[in-house]
Protein chains: 2
Amino acid sequence: MKASTALDDMICFQLYAASRGMTALYRPLLEPHHLTYPQYLVLRVLWHDGPTTVRDLGHVLALDSGTLSPLLKRLATLGFVERTRSADDERVVIVHTTDDGAALETQIGDLTQQLVCGTGLDLDELTQLHALLHKARTPRKDLA
Amino acid sequence: MKASTALDDMICFQLYAASRGMTALYRPLLEPHHLTYPQYLVLRVLWHDGPTTVRDLGHVLALDSGTLSPLLKRLATLGFVERTRSADDERVVIVHTTDDGAALETQIGDLTQQLVCGTGLDLDELTQLHALLHKARTPRKDLA
DNA sequence: CCCAATTCAGTTGTGCACAACCGAACCGTG
DNA sequence: CACGGTTCGGTTGTGCACAACTGAATTGGG
């Protein structure tokens with residue numbers, strides 16, 4: 001549709017468009033549960049790791065408190081998570097799922113099948129893509 | 001840092017994080033020109049294709065008018081683009097760069113070198129990544 | 001013990017994304 | 001010409017992202 005002008009920009013644009021496209025694939029699957037894609041990511045961390053501090057959520061998801069604080073407030077309003085102050089350190093807020101939030105894990109089930117199909121890639125290609133993205137993302141830590 | 005729970009989500013999260021990481025690499029390079037990354041993408045299209053309708057910008061960038069309208073207004077406020085109604089069809093708005101906007105193309109120069117280094121990938125890997133992203137993104141058209 | 005530096009979550013302000021909707025301009029057919 | 005349907009750009013409302021900042025809690029050095 002559009003001729004390439006420079007490789008770097010094509011890569012970055014593809015990454016940018018692919019990311020939005022992927023969340024667009026999730027949207028209709030998450031909407032019935034009133035979840036957005038970033039909210040779903042937070043829940044995945046909580047399902048996998050159990051109660052987690054806001055700080056650790058930020059590290060795992062590479063998001064800062066300016067993004068997470070209102071997002072967690074919305075998840076709390078939905079009744080999927082609760083926030084409690086740590087007894088050890090009053091600055092720390094520990095986020096944990098409610099019963100409803102935990103129940104979502106089984107209700108949502110495996111979006112895997114539907115989404116892998118949505119990408120049009122086979123498993124080998126997905127594995128390759130994963131490796132490249134991981135490698136591309138790793139060196140960022142040195143800059144942060 | 002965090003064990004994988006399912007391939008699909010890791011792919012989607014990697015894509016999501018890599019996209020944000022990439023725009024973070026652009027940010028300090030574009031900030032001196034008061035540009036954001038999406039604004040830079042719009043300018044690239046205009047530099048490459050010349051005067052373009054809002055509709056065509058939306059098709060090329062996969063963005064709708066709800067995103068482009070205010071973005072173009074900000075680019076116009078910065079003095080980099082102007083909008084004119086088409087004489088043939090009064091509904092159509094044609095976007096074109098001003099002299100300042102056109103001059104930016106040479107001022108910004110090649111971000112290529114700096115950014116390819118920022119990714120930590122070599123050229124082969126970038127080419128491979130580009131191909132996978134393109135393939136993953138193509139089938140979306142059927143769904144839209 | 002005291003205080004300067006640091007850590008932590010939260011708030012504010014700006015700018016995307018995107019759904020839903022709007023009104024003007026065009027188009028086709030009768 | 002009239003009019004139903006479509007196309008186009010724009011607006012509104014919600015929810016991320018992120019920089020910059022705030023203030024409370026903690027920590028370490030003197």
How many Å lie between CZ on B:R85 and P on D:dT7, as a whole number? 18 Å

5' priority, DNA chain D, between A:A87 and A:R74 [closest heavy atom]: A:R74

Reckon B:S69 touches a base, only the sugar-phosphate, or nothing at all at heavy-atom distances under 4.0 Å? base

Taking the side chain of B:V93 as its heavy atoms from C-beta onward, which of C:dC16, D:dG9, D:dA19 lies nearest to it? D:dG9

Atom CG of A:L61 to atom P of D:dC18: distance rounded to whole Å? 12 Å

Any side-chain N or O of A:R55 less than 4.0 Å from the OP1 or OP2 oxygen of C:dT7? no

Measure the distance from CG on B:L57 to P on C:dA17 and round it to the nearest whole Å. 14 Å

Classify the side chain of A:R91 and the base of D:dT26 as holding, or not holding, a donor-acceptor pair under 3.5 Å. no

Of A:P70 and B:V92, the one whose closest nucleotide on DNA chain D sits nearer the 5' end is B:V92

Can you identify which nucleotide, out of D:dT11, D:dC16, C:dG15, has its nearest atom closest to the B:K73 side chain? D:dT11

Is A:S65 side chain donor-acceptor paired with the C:dG10 base, going by distance under 3.5 Å alone? yes

Separation of B:D64 atom CG from C:dC22 atom C1', in whole Å? 15 Å

Spacing of B:L35 atom CG relative to C:dT14 atom P, expressed in whole Å: 18 Å

Check the phosphate of D:dG9 against B:R83, side-chain N and O only, distance under 4.0 Å to OP1 or OP2. Yes or no? no

Students often get this wrong, so: under 4.0 angstrom with heavy atoms, is B:L68 touching a base, only sugar-phosphate, or nothing? nothing

At 4.0 Å (heavy atoms only), tell me whether B:D89 reaches a base, stays on the sugar-phosphate, or touches nothing. sugar-phosphate

Is the shortest side-chain heavy-atom distance between A:T84 and A:V95 below 4.5 Å? no

Side chain of B:V54, heavy atoms from C-beta onward: which of D:dC18, C:dC16, D:dG9 has the nearest atom to it? D:dG9

Look at the side-chain N and O atoms of B:Y16 and state whether any lies under 4.0 Å from the OP1 or OP2 oxygen of D:dA17. yes

Please state whether the rings of A:Y26 and A:Y40 are parallel, tilted or perpendicular, taking 30° and 60° as the class boundaries. tilted

According to a hydrophobic-cluster definition based on side-chain heavy atoms being under 4.5 Å apart (Ile, Leu, Val, Met, Phe, Trp, Tyr only), do A:L78 and A:V81 belong together? yes

Given that A:L72 and B:G66 both sit by DNA chain C, which one's nearest nucleotide is further toward the 5' end? A:L72

What is the separation between atom CZ on B:R20 and atom P on D:dA19, rounded to the nearest whole Å? 11 Å

A:Q39 side chain near D:dG15 phosphate (N/O to OP1/OP2, under 4.0 Å): no

Checking all strands, does B:D88 fall into the base, sugar-phosphate, or nothing category for heavy-atom contacts under 4.0 angstrom? sugar-phosphate

NE2 of A:H59 versus C1' of C:dT7: gap in Å, rounded? 11 Å

If you check the B:R27 side chain, which of D:dC18, C:dG15, C:dG10 turns out closest? D:dC18

From the set D:dC8, D:dT26, C:dC16, return the single nucleotide nearest to any side-chain atom of A:E90. D:dT26

In this structure, which one of A:V93, A:T67, A:T52 forms a side chain to side chain contact (heavy atoms under 4.5 Å, CB included) with A:L57? A:T52

Atom-to-atom span, CG of B:L30 to P of D:dC18 - whole angstrom: 15 Å

Which one, C:dC26, D:dT11, C:dC16, comes nearest to the side chain of B:T67? C:dC16

Determine whether B:I108 and B:L35 make a side-chain contact, defined as any pair of heavy atoms from C-beta on separated by less than 4.5 Å. yes

Within 6.0 angstrom of B:H96 NE2, more than 12 heavy atoms from elsewhere: yes

Does NE2 belonging to B:H34 count more than 12 external heavy atoms closer than 6.0 Å? no

